[in-house]
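Ligands are counted one by one from 1 in listed order, and the atoms in each one are counted from 1 as well. Keep in mind that this is a model prediction, so the values were computed, not measured.
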Amino acid sequence: MQKLKINKLYVMDCFKFLKLVDDNSVDLVIIDPPYNMKKDKWDRFKSTEDFFKFTYSYLDMLVPKIKITGSFYIFNSPFNCAFILKYLLDKGLIFQNWITWDKRDGFSAAKRKYTNAQETILFFTKSKKYTFNVDDIRIPYESEKRIEHAKKIGIIKNGKRWFPNPKGKLCTDVWHFSSERHKNKINGKTPKLPHTTPKPVDLVERIIKASSNPGDLVLDCFVGIGTTAIAAKKLGRNFIGCDINKEFIKIANQRLKNI
Ligand SMILES: C[S@@+](CC[C@H](N)C(=O)[O-])C[C@H]1O[C@@H](n2cnc3c(N)ncnc32)[C@H](O)[C@@H]1O
């Protein structure tokens with residue numbers, strides 16, 4: 001990377017920042033951009049058309065930055081993801097998963113439809129040759145008793161004897177992580193957090209463990225208070241990132257220092 005320092009977060013607009021990132025230089029992109037849900041100043045757009053114009057513009061700039069062996073994850077609402085999925089398919093990315101994040105917390109109560117309690121994470125790769133460390137994200141089995149029995153003699157599945165993996169079961173595309181809002185509730189109320197929509201570090205760690213290796217470069221051009229950078233640093237990956245808001249970058253740098 002010639003024009004940017006690795007392991008540094010920039011106070012910068014994503015479009016300016018992405019111009020400085022070399023093409024084919026990033027192993028993993030994880031972005032949590034605006035959703036157009038009016039959650040904060042940075043999440044307000046004049047119209048849905050304006051929101052998608054903004055979204056498609058940064059996607060156009062991001063895709064060439066990913067290495068041919070690289071992966072791409074984007075958070076958004078299920079509604080917006082339906083459009084983003086089509087857009088990225090048309091740009092030639094390979095769709096891998098529609099991950100449903102069960103936030104253990106609702107957006108807001110609905111009386112005329114089901115209350116929304118999920119967000120979507122789309123997972124794409126640039127080619128069929130990509131990192132996926134399936135064993136690093138295995139999940140402990142729920143029933144220890146059943147596993148104890150199966151460990152000894154196995155279980156017959158589809159005519160074959162199956163033994164449980166000591167590292168746990170395979171990770172599915174439905175993820176259960178409490179939102180930061182939910183985790184920080186006191187007597188049912190959320191105190192004011194330093195950011196309106198921070199993502200859980202443990203959730204982002206799962207993405208980084210699965211789709212990168214130590215020493216790889218992870219990019220996030222909407223870092224907020226630095227969740228992706230923190231998870232990358234904890235796991236021995238390199239990062240680059242930016243946010244347009246200097247207060248958020250200040251908090252992100254403080255959090256990074258504490259690791
Ligand atoms: C959903 S939040 C990201 C939260 C982050 N994942 C975290 O855990 O802290 C989206 C972020 O995008 C930033 N943002 C909005 N428009 C931007 C732009 N044009 N360039 C760079 N950052 C922008 C906002 O300041 C906000 O912090």
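- Evaluated by nearest non-hydrogen atom to atom 21 (C) of ligand 1, the leading choice among Ala229, Pro194, Cys14 is Cys14.
- Below 30°, between 30° and 60°, or above 60°: for Tyr56 and Tyr87 the angle between ring planes is below 30°, a parallel geometry.
- Numbered from 1 in the order shown, with element, the atoms of ligand 1 that lie under 4.0 Å from a heavy atom of Pro198 read 7 (C), 8 (O), 9 (O).
- For Cys221, every heavy-atom contact with ligand 1 shorter than 4.0 Å involves the backbone, none the side chain.
- If you check which protein heavy atom lies closest to atom 14 (N) of ligand 1, you get Phe222 CD2, 3.7 Å.
- At a heavy-atom distance under 4.0 Å, only side-chain atoms of Phe248, from C-beta outward, approach ligand 1.
- For atom 25 (O) of ligand 1, the closest heavy atom belonging to the protein is Asp243 OD1, 2.7 Å.
- Proximity to Met12 (heavy-atom distance under 4.0 Å) selects the following atoms of ligand 1: 21 (C).
- Atom 9 (O) of ligand 1 has as its closest protein heavy atom Ile225 N, 2.9 Å.
- Looking at Asp102 and Trp175, their side chains never come closer than 4.5 Å, going by heavy atoms from C-beta outward.
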Side-chain donor-acceptor contacts of residues 250-259 below 3.5 Å, not counting sequence neighbours, with atom names and distances?
from, atom 1, to, atom 2, distance (Å)
Asn253, ND2, Ile249, O, 3.3
Arg255, NH1, Ile225, O, 2.6
Asn258, ND2, Gln254, O, 3.4

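- When each of Phe124, Phe123, Trp98 is paired with Tyr73, the ring pair (Phe, Tyr, Trp, His ring centres under 6.0 Å) condition holds for Phe123 and for no other.
- Using cut-offs of 30° and 60° on the angle between ring planes, the pair Phe75 and Trp101 is perpendicular.
- Ring geometry for Phe54 against Phe15 counts as perpendicular: the plane angle is over 60°, on a 0 to 90° scale with 30° as the lower cut.
- With hydrophobic clusters built from ILVMFWY side chains whose heavy atoms lie under 4.5 angstrom apart, Ile230 does not share a cluster with Phe222.
- Using a 4.5 Å cut-off on side-chain heavy atoms (C-beta onward), Ile74 and Phe72 make contact.
- The nearest heavy-atom contact from the protein to atom 22 (N) of ligand 1 is Ile244 N, 3.2 Å.
- Close approach to Thr197 involves these atoms of ligand 1, each under 4.0 Å from a residue heavy atom: 1 (C), 2 (S), 4 (C).
- Remark: minimum distance from atom 8 (O) of ligand 1 to any protein heavy atom is reached at Thr227 OG1, 2.5 Å.
- Residue-ligand proximity, Lys199 to ligand 1, at heavy-atom distances under 4.0 Å covers atoms 6 (N), 7 (C), 8 (O).
- The closest approach between Asp220 and ligand 1 stays at or above 4.0 Å for every heavy atom of the residue.
- For a threshold of 3.5 Å applied to N or O pairs, the pair formed by Asp13 and ligand 1 contains at least one separation below that value.
- Under a 4.0 angstrom heavy-atom cut-off, Lys39 registers as lying outside contact with ligand 1.
- At least one N or O atom of His195 sits closer than 3.5 Å to an N or O atom of ligand 1.
- With a 4.5 Å cut-off on side-chain heavy atoms, Asn133 and Asn213 count as touching.
- In terms of protein heavy atoms, atom 4 (C) of ligand 1 is closest to Asp32 OD2, 3.2 Å.
- Residue Val223 approaches ligand 1 through these ligand atoms, each under 4.0 Å from one of its heavy atoms: 5 (C), 7 (C), 9 (O).
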Name the atoms and distances for all side-chain donor-acceptor pairs under 3.5 Å in residues 159-169, with sequence neighbours left out.
from, atom 1, to, atom 2, distance (Å)
Arg161, NH1, Ile153, O, 2.5
Asn165, OD1, Lys167, N, 2.8
Lys169, NZ, Glu142, OE2, 3.1

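- Tracing side-chain contacts under 4.5 Å through hydrophobic residues (I, L, V, M, F, W, Y), one reaches Ile240 starting from Leu20; they form part of the same cluster.
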